[in-house]
Structure formats: structure tokens, C-alpha cells
Amino acid sequence: MKLTKLLERLEYEVVQGEEAIEITELTNDSRNVKAGSVFVCISGAVVDGHDFAKDVAGKGAVALIVEKEVSVPKHVTVIKVEDTRYALALASAAYFGYPADEMKIIGITGTKGKTTTTYMVKSILENVGHKVGLIGTIEAIIGDKVIPAKNTTPESFTIHQYFREMADAGCDCVVMEVSSQGLMLHRTAGIPFEIGIFTNLGEDHIGPNEHKDFEDYKRCKGLLFQQCKIGIANVDDPYFEDVFKGATCKIETFGLSKKADLRADDTHLINRPGYLGVAYHVNGLMDFDVEIDIPGTFSVYNSLTAIAVCRHFQVPVDVIKEALKKAKVKGRIEMVKVSEHFTLMIDYAHNAMSLESLLTTLKEYHPKRLVCVFGCGGNRSKTRRYEMGEVSGRLADFTIITSDNPRFEEPQDIIDDIKIGMAKTDGAYIEICDRKEAIRYAINHGQSGDVIVLAGKGHEDYQEIKGVKYDMDERVLIADILRENKEQGIEV
């Protein structure tokens with residue numbers, strides 16, 4: 001491939017060397033440089049790729065794409081651009097032959113609801129014969145291949161690598177989560193989104209290594225709606241107009257309010273032993289009844305989003321209804337049947353906002369007791385611990401404080417921080433550091449009519465302790481506990 005092919009959609013300056021040279025690889029990881037490579041120098045938060053310029057030239061790189069001055073031998077071509085992250089995105093698309101152009105790309109952004117909505121959309125579209133690739137917080141799915149995720153939105157090179165595999169595997173659609181970080185860092189730059197979706201916005205991801213303030217967070221979310229054909233938005237969200245003020249796409253809305261183009265009427269909760277759900281009537285652009293096996297008002301929003309997307313694919317109503325009934329997401333209000341008397345579920349809620357939303361939703365079902373089992377991650381903000389402790393103390397009837405991913409901290413120190421937040425409430429609690437024992441206590445002390453939620457781990461199947469990830473899947477722990485109970489003659 002010619003270097004000029006990689007650069008054809010970019011504005012650039014040739015600082016030294018020739019642009020019409022043959023290249024073999026494109027990378028932004030100096031460890032992957034081989035003879036004939038193009039190396040893109042990314043200025044990261046921790047490492048600056050420009051510092052590796054001489055090193056990669058010595059490994060055989062024939063060209064560097066830079067945004068600041070570097071010193072390399074004269075035989076190495078140096079291409080200067082304004083932003084190397086943006087350049088990596090467009091060059092990656094070219095390197096893999098613009099695979100996004102061969103499929104319809106659906107991007108979902110928002111603070112909450114992205115993951116569940118992606119699986120709902122995938123489920124519905126596959127029910128009418130589409131082959132759908134998925135990129136998200138939990139995993140990337142390419143046909144039968146499942147790749148665990150490192151980031152909600154991967155680096156641009158990885159995205160286009162996945163797109164190429166998806167197109168080659170026969171996918172005609174891709175549904176992907178688009179994080180504000182991904183938008184800010186140009187990981188999705190140049191992708192021709194068919195549909196962009198806005199779920200909601202809350203004050204999250206504000207900090208030194210994320211967004212400088214809430215205004216920046218809103219601005220970055222809005223970038224998606226400057227590169228899609230159709231924008232589908234939650235009109236009930238208070239920040240809807242802020243996010244869409246620079247939008248260049250056609251806009252459709254969904255929500256519970258009368259002003260929504262697609263709305264949910266007559267919403268009502270469904271509560272049976274071991275089962276929580278929600279039902280409603282779709283009105284506006286479509287007209288039919290829906291029942292979902294996932295509880296809460298946010299499930300109404302998530303499913304409305306999926307319906308709004310699938311309307312553009314002319315999916316029949318009966319298929320939508322059936323697919324929504326079957327759509328499940330690992331670790332997102334995932335109900336696990338352990339007893340005829342109470343309900344147990346696993347959820348990824350791992351910050352105060354998501355835990356508050358979850359517990360508030362579950363309280364709407366009027367359980368006899370709402371029991372929350374949770375911990376907090378080590379080497380993360382102490383404020384999160386105080387806030388989560390306060391939320392659980394205020395909303396749950398009983399809290400079991402345990403360990404999450406302690407990382408390089410002592411689990412008891414984290415628990416002590418959580419208790420500071422708990423102390424601001426009258427909430428009853430117990431502390432059981434070992435997570436399996438905490439779950440055992442919750443199950444064996446479950447009362448008729450209880451709703452018990454294991455919060456924080458969700459889809460994760462490991463526990464990180466001092467740099468090592470140990471196998472720990474809550475579904476496996478629950479199965480082990482039930483088996484051990486049976487052996488000991490304990491009934492729940």
C-alpha cells in the first residue's frame with residue numbers, strides 16, 4: 001500500500017522524505033513496529049509516542065505521522081498533522097479499506113443505557129435476518145467470535161480492524177457504544193454513522209484523565225450528532241438540547257412525554273416471585289404493546305431506543321416484541337433464580353449515580369426488604385466510596401459491605417471508607433470482606449418478598465488483587481453456594 005493512500009482524507013505537511021512510498025504496517029504501538037511500518041506518534045496522558053521516534057526508525061519504520069517536531073534519519077518520511085489521534089482514525093479506515101462504508105453503523109452514546117440498548121438492537125435486527133457486529137463495554141462480537149473489551153470504545157485502529165473482520169464475516173450492520181472519551185480522543189472520527197443515539201446525561205467521567213468539566217462532557221457527547229445521518233434522542237433528558245445544539249443530522253425523539261415522536265404510555269410494573277419486569281404501550285410513530293423482562297423505567301427508555309432504531313430497518317412489530325422479551329445483558333439487572341420466595345440479581349452499578357438509579361428502580365416494586373451487596377474498587381476515588389455508602393444506606397433496607405476489586409489497597413481500608421458514607425444514614429448493615437461469603441449470607445438470610453442485588457461486578461468474571469486478576473464470576477459463586485447448601489440440607 002502507498003503511504004498516500006493512508007493520507008488521502010487528511011490535511012498534512014511533508015516535513016521530510018517522500019509521501020509516495022510503499023508501506024507495510026500502520027501502528028501507534030512502538031512494540032509492533034516492523035520494517036516498512038508507519039508509526040503514528042500519539043501524545044498520551046502517560047506516554048508520548050514522539051519520544052519513541054528514533055527507536056522506531058531504528059526498527060525499520062519508513063514513515064512517522066507527528067504533530068510536533070521529531071529528529072529521525074533523513075531516509076524516514078515525516079508527515080505532520082494537526083492532531084495525530086484524528087490522523088490515526090482516518091489512516092486506520094484507509095488501511096483496512098474503509099470497511100465502515102460496507103455496513104450500516106449505529107452508534108449509541110449516553111451516561112447510562114448504552115450497553116443494554118446495544119444488545120436489544122442486536123437481538124431485534126438478528127431476528128429479521130441481519131448479521132450484526134457489536135462493539136461495547138463488555139465485549140466485541142464478530143459472528144461467533146467474542147473478544148473481551150478493554151475500553152467501552154476501543155482505539156480507532158482496533159475499531160477499523162473489527163469493522164474489517166465484521167464486513168468480511170458478512171455483517172451488514174454494526175451496533176457500538178460510543179463513549180464521550182472515544183469521541184473526545186477521535187477514536188470514532190471519520191466513521192459514517194447511519195444512526196446516532198443519545199440515551200441520557202449525568203455528571204460522570206469528570207476528572208483529570210477524563211473531562212475537565214460538565215460542559216466539556218456535554219460537548220463531546222454532541223460530536224456524534226455531527227457525523228451521523230439520523231440522530232435519535234431521549235427528549236426527556238434535561239440536557240437534550242445542549243447535546244444537540246450543534247447537530248447536523250435529522251433528529252427524532254423518544255421518551256415518556258407527549259412531545260416525543262415515539263413514546264411510552266400506560267407504563268406499569270410487573271412483579272412475580274423471582275421475576276421483575278415492565279410493560280407499556282408504544283405510541284406516536286408506532287402503535288403496539290410491549291413487555292420486557294428487565295425491571296424499571298430505564299428499561300422503558302432502553303427498549304424505546306431499540307424500537308426507534310429498528311423502525312428504520314422496517315422490522316415487523318411481532319418480531320420487535322418477541323426480541324425484546326428475549327434480550328438479556330450479562331450483568332445488567334441479570335436475574336438469577338435461587339428461590340421461589342425472593343428475587344436475586346446481578347448488576348454492574350459501580351458508582352453512586354448508577355447505584356442510586358438501580359435501588360430507586362427496585363424500590364418501586366415494593367419489596368419486603370431491599371438488600372444491597374456491594375464493595376468499591378481500590379486505587380479509585382475515595383469520594384465514590386463515601387457516596388455509594390450513603391446511597392445504599394439511604395435506599396436499601398439492609399446493606400452487606402464486601403470487597404470488589406481491591407487492586408493495590410487493603411480491602412478493609414476500602415470497607416472503612418464505605419462505612420463513612422453509611423454513617424450519614426440510618427441504614428442497617430453488616431461487613432463481610434470475602435465476597436463469596438457475603439453472597440452466601442445474602443442468600444441464606446433471604447426473606448420471602450426480598451429483592452437482593454449484587455452490585456458492582458456485573459459482567460466481570462475476575463477479582464483484581466495486587467495486580468493479578470483471579471477468576472471470580474458471581475454466577476459461579478451462586479451455583480457453588482446453592483450446591484453447598486444442598487449438601488448441607490439448607491433450603492432457601
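Values in this document were obtained by computation on a predicted structure and should not be read as measured data.
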Hey, are the side chains of D471 and D461 touching, using non-hydrogen atoms and a 4.5 Å cut-off?
no

Counting only heavy atoms not in R483, do more than 12 fall under 6.0 Å of its CZ?
yes

Please determine whether the number of non-hydrogen atoms from other residues, nucleotides or ligands lying under 6.0 Å from atom NZ of K486 exceeds 12.
no

Can you tell if the side chain of C173 reaches within under 4.5 Å of the side chain of F313, non-hydrogen atoms only?
yes

Not counting sequence neighbours, which residues clear ring pair (Phe, Tyr, Trp, His ring centres under 6.0 Å) with Y348? List them please.
H350, H459

So that I can tick it off, tell me whether K325 and D293 are bridged by a salt bridge, with the cut-off set at under 4.0 angstrom between side-chain N and carboxylate O.
yes

Does E487 reach the main-chain N or O of E484 with its side chain, forming a donor-acceptor pair under 3.5 Å?
no

In plain terms, say whether E387 and R384 are close enough for a salt bridge, that is, a side-chain N and a carboxylate O under 4.0 Å apart.
no

Salt bridge check, E139 against K330: does any charged N sit closer than 4.0 Å to a carboxylate O?
no

Hey, does the side chain of D236 reach the backbone of G255 with a donor-acceptor pair shorter than 3.5 angstrom?
no

When you measure from the side chain of T109 to the backbone N and O of F198, does any donor-acceptor pair fall under 3.5 Å?
no

Holding to side chain to side chain contact (heavy atoms under 4.5 Å, CB included), I want the full list of residues that pass it with D51, two or more places apart in sequence or in another chain.
D48

Lys/Arg-Asp/Glu bridge criterion (N-O < 4.0 Å) met for E474, R435:
yes

Can you list the residues that meet the side chain to side chain contact (heavy atoms under 4.5 Å, CB included) rule with A93, with sequence neighbours excluded?
Y98, H160

Any donor-acceptor pair under 3.5 Å from T27 side chain to F39 backbone
no

Within-4.5 Å side-chain heavy-atom neighbours: S339 and L344
no

With F225, which residues qualify under ring pair (Phe, Tyr, Trp, His ring centres under 6.0 Å), at least two apart?
F244

Axial cation check for Y462 ring with K469, 6.0 Å and 45° limits:
yes

Check this for me: K145, atom NZ, are more than 12 non-hydrogen atoms of other residues, nucleotides or ligands nearer than 6.0 Å?
no

Side-chain donor-acceptor contact under 3.5 Å, E194 with H312
no

Taking the side chain from T24 and the backbone from G36, do they hold a donor-acceptor pair closer than 3.5 Å?
yes

Do T137 and E177 meet the criterion of a side-chain donor-acceptor pair at a distance under 3.5 Å?
yes

Can a donor-acceptor pair be found, under 3.5 Å and without considering hydrogens, that links the side chain of S180 to the backbone of Y217?
no

Quick one: pull up CD1 in I465 and CD in E409 and give me the separation to the nearest 0.5 Å.
13.0 Å

When you measure from the side chain of D450 to the backbone of I452, do you find a donor-acceptor pair of N or O atoms at a distance under 3.5 Å?
no

Donor-acceptor contact below 3.5 Å, side chain T84 vs main chain E67
no

Do E460 and N405 get their side chains close enough for a donor-acceptor pair, meaning under 3.5 Å?
yes

Ion pair present between E126 and K326, side-chain N to carboxylate O less than 4.0 angstrom?
no

Under the side chain to side chain contact (heavy atoms under 4.5 Å, CB included) test, residues paired with Y86 that sit two or more places apart
L10, D83, L90, H186, A189

Y441 meets the ring pair (Phe, Tyr, Trp, His ring centres under 6.0 Å) criterion, sequence neighbours left out, with H445

Output yes when a side-chain donor or acceptor of N234 lies under 3.5 Å from a complementary backbone atom of N200, and no otherwise.
no

Answer with yes or no whether the side chains of T305 and T117 bring together a donor and an acceptor at under 3.5 Å.
no

Checking T343 side chain against V451 main chain: does a donor-acceptor pair fall under 3.5 Å?
no

Carboxylate-amine/guanidinium proximity below 4.0 Å for R85 and E155:
yes

Is F163 close to M176 at the side-chain level, that is, under 4.5 Å between some pair of heavy atoms?
yes

